[in-house]
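Take a look at the structure below.
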Amino acid sequence: MMMIGREQQEEEEKKKKKKKVEISIGPFPGAECRYSIWDREKKNPSYDNYVISIGDGQSIVSTYCNGYNSETIADWLADTQRIYRRHRHYLLVGVCLDRQHNKQSSFTYHYQPKKKGADDRPYTVLTLCVGSHSIVIFLGWDNKLPKPFRDFVKNPRVYFVGVDMEKKKKKLEADRGILLEHVVDMLPEAEKSLGEKIIPGGMHNVAAAVLGEKYEVEKPERVRVSDYERDLLPEQVKYACYEAFLAFEVGKKLLY
């Protein structure tokens, strides 16, 4: 009887380890209906506020806006730096970059008319996450991000963390003129800390090794190949925030 009880307990523990976190998204409580992030009226800047729930008790407050929405981006940066100003001597920022995969539109042709293939297409969405706060920025045609943003990415106290960050840094600068001054690739950092190799494949693989298997939630194929050159759907925002959140959490565990 004791053996059966022990076996059942071990089986339940295995199931718990295999169970993945559930991710859901909903509007921020009390948030008003937006007009559209495409609204270029400066007197009426538009954005979405979401709450992304991760597993039991964890949540991210996310702002989704267009790159020309200077006021919203500046406010998010100011609030985030104020909230996390006591984070030792430097600030870690989780990063997720998304782009079009399934087709080439006039948008990608505008930037790289001579190149072909998904790997050559420019990034269209930049997501940043610090703790429980994230911002999803749709990078527009003109790349005119506000000065507070340009100052923030060059701040020597700010480190941007994720996977393949050197490669992404070079491409983001070449395609969009955005330079993330200080980047840290979490894959070699995780392998160094754990003393073992991690199968390359994205932030979810690194998070599974460092934070636990339950965080190994990969972006579904239908989301990965969806349209990232138009107004994003909540599901696209959800997975962008989740990847940036994982990057921050892995960075916090290994670097702080």
Side-chain angles (χ1 to χ4, degrees), residues 10 13-23 52 54-56 58 60 80 84 87-99 101 117-121 123 125-134 136 152-175 178-221 223-224 238-256:
E10 289 176 355
E13 289 178 356
K14 286 180 181 179
K15 288 180 179 179
K16 286 181 181 179
K17 287 181 179 180
K18 289 181 179 179
K19 188 178 180 181
K20 309 301 182 185
V21 294
E22 294 182 2
I23 313 167
I52 293 93
I54 302 170
D56 300 325
Q58 291 181 297
I60 311 168
T80 300
Y84 298 97
H87 268 223
R88 302 201 177 190
H89 303 296
Y90 53 90
L91 181 68
L92 293 181
V93 182
V95 176
C96 174
L97 285 157
D98 287 300
R99 58 187 169 187
H101 283 277
D119 288 342
D120 291 324
R121 293 169 187 167
Y123 293 118
V125 181
L126 169 64
T127 304
L128 306 178
C129 181
V130 183
S132 59
H133 296 77
S134 72
V136 182
F152 180 74
V153 296
K154 293 179 181 178
N155 189 328
R157 292 184 61 252
V158 177
Y159 287 81
F160 298 92
V161 297
V163 292
D164 295 327
M165 287 306 295
E166 285 294 342
K167 180 181 177 181
K168 291 177 179 177
K169 172 183 176 179
K170 291 177 182 178
K171 181 170 178 56
L172 188 62
E173 183 181 14
D175 291 346
I178 301 171
L179 175 62
L180 305 180
E181 192 72 39
H182 303 288
V183 299
V184 183
D185 190 342
M186 297 317 302
L187 177 58
E189 291 291 333
E191 290 178 337
K192 180 181 176 182
S193 176
L194 298 173
E196 60 184 43
K197 287 289 183 181
I198 299 173
I199 300 174
M203 195 65 238
H204 62 283
N205 280 1
V206 179
V210 176
L211 304 175
E213 290 183 9
K214 69 176 184 177
Y215 289 100
E216 191 180 9
V217 180
E218 190 173 359
K219 184 185 297 181
E221 183 68 9
V223 178
R224 192 186 71 82
K238 176 179 74 174
Y239 282 101
C241 291
Y242 181 65
E243 182 173 331
F245 166 79
L246 290 182
F248 174 81
E249 289 295 316
V250 170
K252 182 177 71 172
K253 186 165 184 178
L254 298 181
L255 303 178
Y256 271 158

Calculate, to the nearest 0.5 Å, the distance between atoms CZ and CG belonging to Phe160 and Asn155 respectively. 8.5 Å

Are the side chains of Val95 and Leu128 in contact, using a 4.5 Å heavy-atom criterion? yes

I want to check something: taking the side chain as every heavy atom from C-beta on, are Val183 and Glu166 in contact at a cut-off of under 4.5 Å? yes

So, taking the atom named NZ in Lys168 and the one named CG in Asp185, what distance separates them when rounded to the nearest 0.5 Å? 8.5 Å

Which value, rounded to the nearest 0.5 Å, describes the distance between Met186 atom CE and Asn205 atom CG? 14.5 Å

Any side-chain heavy atom of Ile178 within less than 4.5 Å of one from Tyr123? no

Can you confirm whether Leu97 sits close enough to Lys171 that some side-chain heavy atom of one is under 4.5 Å from a side-chain heavy atom of the other? no

If we only count heavy atoms from C-beta on, is the Tyr215 to Glu249 side-chain gap below 4.5 Å? no

State whether the number of non-hydrogen atoms from other residues, nucleotides or ligands found under 6.0 Å of Glu22 atom CD is greater than 12. no

Tested for side-chain contact (heavy atoms from CB on, under 4.5 Å) against Val153, the lone hit among Leu172, Leu180, Leu126, Val158 is Leu180

Give, for atom CD1 of Ile52 and atom SG of Cys241, the distance between the pair rounded to the nearest 0.5 Å. 4.0 Å

Do you know the tightest heavy-atom contact between Glu189 and Val184? CG-CG1, 3.9 Å

Which atom of Ala209 lies closest to which atom of Ile198, heavy atoms considered: CB-CD1, 3.7 Å

Which residues satisfy the side-chain contact (heavy atoms from CB on, under 4.5 Å) test with Ala244, sequence neighbours excluded? Cys96, Thr127, Cys129

Quick one: does any side-chain atom of Lys154 pair with a main-chain N or O of Leu179 as donor and acceptor, under 3.5 Å? no

Checking Lys219 now: which residues fulfil salt bridge (Lys or Arg N to Asp or Glu O under 4.0 Å) with it, not counting sequence neighbours? Asp98

d(Glu216 CD, His204 NE2) to nearest 0.5 Å is 5.5 Å

Please enumerate all residues that pass ring pair (Phe, Tyr, Trp, His ring centres under 6.0 Å) together with His133, with sequence neighbours excluded. Tyr84

A side-chain contact here means heavy atoms from C-beta on lying under 4.5 Å apart; do Glu181 and Pro156 qualify? no

Value for CD1 (Ile54) from OH (Tyr242), rounded to nearest 0.5 Å, stands at 6.5 Å

Contact between Phe152 and Val93 at the side-chain level, heavy atoms closer than 4.5 Å - yes or no? yes

Flag the pair Arg224 and Glu221 as a salt bridge only when some basic side-chain nitrogen lies within less than 4.0 angstrom of an acidic carboxylate oxygen. yes

Say whether, by atom type as modelled, one donor and one acceptor occur between the side chain of Tyr256 and the main chain of Leu92 under 3.5 angstrom. yes

Which pair of non-hydrogen atoms, one from Leu246 and one from Met203, has the smallest distance, and what is that distance? CB-CG, 3.9 Å

